[in-house]
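Notes follow once the structure below has been shown.
Everything numeric here is computed off the predicted structure, so don't read it as measured data. By convention in this document, chain letters (A, B, ...) are assigned in the order of the sequence lines, proteins followed by strands, and residues within each chain are numbered from 1.
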Amino acid sequence: MADRGIGSGGALGWFFQRVTGILLAPILIIHLLTMHRWTSHGLPWDQVAARLANPYWKVLEIFFLVFALYHGLNGLYAVMGDYVRKPGWRLAIFGAACVIGVVLLAFGLVTVFSLTPERIRAAL
Amino acid sequence: MNYRWHTGYVAWLLNRITGIAVLAYLIAHIWVVHHLGRGPRAFGEVMRVLSQPIFTLFEIALIGAVLYHTLNGIRVVLVDFGGSVRTQKRTFWVMMAIGVVLFVIAVWEMVGVLFAPVHTALIP
């Protein structure tokens, strides 16, 4: 393990993978119940949007977004790191994972923040 | 016993495969959910497509991957932080038994939803 530079993963990456994994399990259960199970079949916009307009569910979904993206991309980086050995390529994959993560986070945050009680009242 | 295909190796390999599959779903899910921000009509159109039974098959595979990844992940965390190395093979099979029970319950719920009336009020 010569590569200990940026994006090498290391003990901190290992530790946060476990922390986010532990946190994701209960968040996923709440997400599945509130956004999928306790809504009508076909997920009507008014029901899902109303949930996301609620500040408590909004905060939960933002945490879900951040932890899931981190856990998924960090995991993918770890898997790729087992097959890609050249430091240059590792850095490139690390950079790509960061960019994809930031773009998807921004995409998700725009969605979550666009849903407000005023917006839902106006749409219905 | 085969030294390559032992329980620990298969568990580790499946964790990677299910992890990558769930990450792919996460990216697709963020894209689908962004239609919420585009209003009831845009979201309704996407949901009408995704309410077809073929997607329930994908969702059943997804819940299987998520259950495996979560329960195997709990085993990994237990080994890493609790140090139950000697009993981890047994822990793995206990987790898989819990997984099978939860999978059956989840599939029961999802197939039941298939026969529930689709909420059509806001679907154009």
Shortest non-hydrogen contact from B/Trp5 to B/Leu13?
CZ3-CD2, 4.0 Å
Gap separating the CZ atom of A/Phe67 from the CG atom of A/Leu65, nearest 0.5 angstrom
11.0 Å
Nearest-0.5 Å distance, CZ of residue A/Arg18 to CD1 of residue B/Ile74
13.0 Å
Ranking B/Leu50, B/Ile30, B/Val33 by heavy-atom pairs under 4.5 Å to chain A gives rank one to B/Ile30
Tell me, out of B/His69, B/His35, B/Met110, B/His29, who's got the most heavy-atom pairs with chain A below 4.5 Å.
B/His29
Against chain B, label [X] side chain, backbone, both or neither, depending on which of its atoms sit under 4.5 Å from a heavy atom there.
{"X": "A/Leu73", "answer": "both"}
{"X": "A/Leu69", "answer": "both"}
{"X": "A/Leu104", "answer": "both"}
{"X": "A/Phe64", "answer": "neither"}

Just say parallel, tilted or perpendicular for the rings of B/His6 and B/Tyr9, cut-offs at 30° and 60°.
tilted
Any side-chain heavy atom of A/Ile22 sitting closer than 4.5 Å to one from B/Val77?
yes
Quick one: are A/Tyr70 and A/Gln17 in side-chain contact, heavy atoms under 4.5 Å?
yes
Applying ring-ring contact (aromatic ring centres under 6.0 Å, His included), can you list everything that pairs with A/Phe107, at least two apart in sequence or on another chain?
B/His34
Any side-chain donor-acceptor pair under 3.5 Å between A/Asn54 and A/Arg51?
no
Heavy atoms of other groups near B/Trp12 CH2, more than 12 under 6.0 Å:
yes
Proximal to chain A - members of residues 52-68 of chain B, heavy-atom separation under 4.5 Å:
B/Ile63, B/Val66
Heavy-atom contact with chain A under 4.5 Å, split by part of B/Leu36:
both
